[in-house]
Amino acid sequence: MGNEHSSPPKTEGQVDGRPVTFTLRQDEKTGKRELIWQEHENASQGRLTDKDIIAALPVHAQIPDDYSILYASPNPSAPDNPQASPVIFKSLLATNLPQPFIHHFQPPGNACWQLRADNGAFPNLHIIVSSGSGTGQAEDVWTQLVKPMLQHVCPKANAYALHTTTSEHTVAELAREVFLPQANDGVTQAIILLSGDGGLVDVVNTLLAGPCSKRYKKPNATILPLGTGNAMAHSVGLTSDNTMGLRNLLQGATKPLPLFRASFSPGARLLVDEAREERRLSDVNRVPTVYGAVVCSWGLHAGLVADSDTHEYRQHGAERFKMAAEEALFPKDGSPAHAYRGKVSVLRPLSGEWERVDRETHAYVLATLVSKLEKGFTISPSSKPLDGKLRLVHFGAIGGQGAMDLMTKAYQDGKHIDDERVGYEEITGLRIEFEEEEARWRRVCVDGKIVRVEAGGWVEVRSGVESVLDLIIDERT
Ligand SMILES: Nc1ncnc2c1ncn2[C@@H]1O[C@H](COP(=O)(O)OP(=O)(O)OP(=O)(O)O)[C@@H](O)[C@H]1O
């Protein structure tokens with residue numbers, strides 16, 4: 001009793017039928033676990049680290065000592081092929097594992113996988129493989145990781161619908177033709193999205209575009225980090241291990257996905273196909289509207305997302321944002337970084353009054369529901385996963401170097417918010433009235449989509465939109 005240095009748990013067991021001795025090590029500082037097994041029949045040792053493990057699942061109620069350990073293993077082809085899945089699915093059968101290992105890696109009672117079998121009926125399971133997201137890894141991640149895992153865990157593995165995108169419209173069409181009518185009919189649906197934030201936003205906007213019936217049943221969705229920024233995936237913590245979101249899928253529970261509404265003046269247009277084409281936005285009560293779950297911005301952020309959304313830039317993955325930021329802050333013609341002209345007003349919690357931000361020019365105006373916009377870029381350190389709080393980050397035209405310094409601090413765990421030049425607060429509304437002649441300075445980013453507002457136009461963002469989708473997240477991470 002009271003022995004602080006007790007030896008790590010050990011058991012005699014089997015791996016795939018071969019006798020072994022298991023040892024479960026836990027790092028005192030990080031708390032991370034490692035399962036090591038020593039084979040009895042030869043001198044070889046096997047090991048699995050915490051970050052690679054997807055789940056430990058009981059094999060059968062009548063053989064309580066047997067567990068399948070599902071894990072992700074590095075893909076040897078990945079270093080030479082940007083479209084290859086970084087990891088592949090593997091499993092092993094383990095008998096008599098140390099109890100603390102089972103306790104930690106067996107999905108908890110409220111885990112979503114079980115929850116989805118509502119009233120004993122299996123949900124309508126949809127897999128969306130977004131071939132145009134990120135650097136194009138989604139198809140290989142499906143083949144090498146998600147599909148074999150589903151076949152392993154799901155006895156009705158063939159009872160899913162696989163949808164591979166063929167155009168930028170695929171996800172919205174699917175949501176309009178299948179997800180919305182089924183949700184309105186009260187059908188339980190689970191959606192596994194192999195895409196970036198864009199896939200999620202397309203689903204949400206389509207679910208909100210039609211009328212909701214009284215029987216509306218929110219679909220469950222889970223996202224794998226296969227886009228460029230993957231803001232949602234990074235912000236809810238599902239990239240903190242090596243399983244590409246599969247641990248989250250098997251171990252997480254559902255939580256409503258908070259949304260904001262961005263309403264625009266009548267001339268606002270969505271820019272598509274590298275801004276070669278423009279489209280009208282959907283009207284909500286005759287007001288052009290886009291819903292978002294991640295970010296609405298104007299200024300530097302919107303500009304660099306828009307400028308880097310080309311085939312050429314996309315090949316650079318998340319680097320594309322840094323490359324475009326460099327060009328925006330230090331223009332090649334030697335001119336200074338742009339000072340964006342417009343009136344910015346905010347609505348604060350518990351206040352019914354719009355209050356003007358006391359500044360005529362701006363460099364960065366960004367309202368967000370999440371903490372990270374890309375890996376390591378902590379734009380809103382106070383945001384907790386799916387807390388539903390809209391937060392504003394803003395600063396004035398402080399020159400290219402000043403803005404670059406603040407962005408660098410955002411990569412240091414969000415230290416920019418301690419800088420006195422940065423405004424950071426919780427809001428419930430944001431309104432921008434644009435005072436720019438040139439169209440490129442009137443571009444607004446909503447979750448990666450770019451909306452160009454007409455001269456003299458405006459955008460108004462409000463939090464607190466009723467959720468239409470539940471996201472699966474593992475809050476223990
Ligand atoms: N086969 C395809 N052909 C054309 N466009 C596609 C195709 N598949 C997906 N798209 C479009 O590509 C875009 C990809 O967006 P998504 O957000 O998923 O990835 P991303 O922009 O790389 O990542 P993030 O938003 O996380 O930075 C979406 O607009 C989607 O509609």
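Counting convention: from 1, in listed order, for ligands and their atoms alike. Being a predicted model, the structure only gives us computed values, none of them experimental.
Electrostatic pairing of E454 and R269 does not count as a salt bridge here, judged by no charged N lying under 4.0 Å from a carboxylate O. Salt bridge present: D273 and R276 bring a charged side-chain N and a carboxylate O closer than 4.0 Å.
Sorted by chain and number, the residues within 4.0 Å of ligand 1 by heavy atom are S130, S131, G132, S133, G134, T165, T166, S167, E168, S195, G196, D197, G198, G199, D202, G227, T228, G229, N230, R314.
Remark: side-chain polar atoms of S383 are not paired, donor with acceptor, to backbone N or O of L369 under 3.5 angstrom.
For R320, the salt bridge (Lys or Arg N to Asp or Glu O under 4.0 Å) criterion is met by no residue, not counting sequence neighbours. Shown here are the salt bridge (Lys or Arg N to Asp or Glu O under 4.0 Å) partners of D52, two or more places apart in sequence or in another chain: there are none.
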When the side chains of residues 282-290 are checked against the rest of the protein, which donor-acceptor pairs come out under 3.5 Å, sequence neighbours left out?
{"residue": "T289", "atom": "OG1", "partner": "V287", "partner atom": "O", "Å": "2.7"}

